[in-house]
Amino acid sequence: MSESNSKTFTMSNKAKFSERICKVEESPTFALEKKADELDRKLKKEGRYIIRFGIGQPDFNTPGNIKDAAKSALDENKTKYTASTGIRELKEAIVKKFKRDNSIEYEIENILVGNGAKQVLDDLMRIFINPGNRVIIPKPFWVSYSQQVILSEGIPEFVDFKADLKIDMEHLRKIAKKYGNSKDKAAAKLFILNSPNNPTGMVYSKNELEEIGKICLENGIYIISDEVYEKFLYGTAKRFSIASFSGELKSSTITINAVSKTYAMTGWRIGYCAADREIIKQMTKVQDQSTSNPCTIAQWAAVEALEGNQDSIEIMRKEYENRRDYIHKRISAIKGMECTLPDGAFYIFPRISNLFSTKIKNSFDFADNLLEKANVAVVPGGAFGDDSYIRISYATSIDKIEEGMDRVEKFCKEL
Ligand SMILES: Cc1ncc(COP(=O)(O)O)c(C=O)c1O
């Protein structure tokens, strides 16, 4: 090859890529999984392995009736494009689901199906945010919210939380007043609510939701209610859909859900939302032009998930509850760790800052050391907006949790 042919076209990343994408961070949970995978491969040669408390994904298999529906869809050649926002049968099942489970009445024009709750959220950021608009996000938050806002050139405005791991209402009031009802560039248009919550497992009461609803309505702010963990509630916990409280809240709320967590279908990529028709119309444009329909076979499987036998949910819920009780007891017994008992989802969010030292200065150091020395993967709280915590996912078998907690306990004792 001549010298001129071997030359490559180079440009710095900053010059090459959009300012928007350069501001976006890698997903810390996916990065952690990658790191854990690499270490796991090495450890395997020595007969050792990693206990994974990192990723938020059910360890259960997708129920058989749902897999059968997908097989039938394939056999019936349901393999073509569909409407970009989903098949009518799935939308009808979603309308019924919202009525049955959430006491909210919708028509199919109010429904959109996307590639997981994640895409539905991204559609929303794209249709609402102008550069510089604020999106109000309570801390600690699921990692993708803030990054999706940045990807749409918005600015995340974080709300503090209190010792009970729930939103500081006074702080929300202040921020909503500052940025809401505004026509200028910095206007806040959206507030993101997530109950049961990732990463804390906290569930908001009716009174708390009513207060949040009132603040958002008074300040002209739409609510995105991310309810993907709705079925995993423990003890006496009760949950409510904020859109069911009044007509006004229904029209100002976009309720998001997915089959991903409820039916152990994370890889099938089916999420959905219900909202005002105008909102759905705008979101449809995004999906028309960016992805077209979510996988047709997965859509038919989702119809079965929502309409078929629901027994698998209670089996999973009970098992998560056992694990929650066990892991909470174990963490509470570790000197230096403090944790609130979660009411839902499959995460626990212990405070670890009492264990910080000159060697371990923050949650990232803690997670790195825990992975390398004890071979346990957890996600640093810093990734969710608070460095004093770590997130432990208990979507893994009780045996693994037992072994993992033995390792965590030993690691903390030796710090
Ligand atoms: C709070 C929350 N919302 C949305 C999602 C994304 O769900 P999906 O897999 O349906 O895109 C997750 C996944 O971890 C989540 O924790």
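Both counts, for ligands and for their atoms, begin at 1 and track the order of listing.
- Heavy atoms of Gln119 found under 4.0 angstrom from ligand 1: none, in either backbone or side chain.
- Annotation: Phe346 is not in aromatic contact with Tyr394 [ring centroid separation under 6.0 Å not met].
- No part of Gln57 comes within 4.0 Å of ligand 1, judged by heavy-atom distances.
- Ligand 1 places these atoms under 4.0 Å from at least one heavy atom of Tyr229: 1 (C), 14 (O), 15 (C), 16 (O).
- With a 4.0 Å heavy-atom cut-off, ligand 1 is reached by the backbone of Ala117 and by its side chain too.
- At the shortest separation from atom 14 (O) of ligand 1 among protein heavy atoms lies Lys261 NZ, 2.7 Å.
- The main-chain N or O of Asn194 is found under 3.5 Å from a side-chain atom of Asn197 such that the two form a donor-acceptor pair.
- Residue Glu19 qualifies as open at atom CD: its count of foreign heavy atoms under 6.0 Å is 12 or below.
- Checking side-chain atoms of Gln299 against main-chain N and O of Pro294 turns up a donor-acceptor pair under 3.5 Å.
- How far CD of Glu227 is from CG of Asn257: 6.5 Å, rounded to the nearest 0.5 Å.
- What sits closest to atom 9 (O) of ligand 1 on the protein, heavy atoms only, is Arg269 NH1, 2.8 Å.
- Ligand 1 has no atom lying under 4.0 Å from any heavy atom of Thr266.
- Nearest non-hydrogen protein atom to atom 6 (C) of ligand 1 is Trp142 CH2, 3.6 Å.
- Remark: distances from the non-hydrogen atoms of Tyr145 to ligand 1 include one below 4.0 Å.
- Taking every non-hydrogen atom of Asn194 and a distance limit under 4.0 Å, the qualifying atoms of ligand 1 come out as 1 (C).
- Residue, atom and distance of the protein heavy atom nearest to atom 3 (N) of ligand 1 are Asp226 OD2, 2.6 Å.
- With respect to Lys97 and Glu307, no salt bridge is recorded, no charged nitrogen being found less than 4.0 Å from a carboxylate O.
- Taking a 6.0 Å sphere around NZ of Lys178, one finds it holds 12 or fewer heavy atoms contributed by other residues, nucleotides or ligands.
- The closest protein non-hydrogen atom to atom 10 (O) of ligand 1 is Ser260 OG, 2.6 Å.
- Shown in contact with Ala258 at under 4.0 Å from a heavy atom are these atoms of ligand 1, numbered in order with element: 10 (O).
- Side-chain contact check for Leu306 versus Leu90: some heavy-atom pair is nearer than 4.5 Å.
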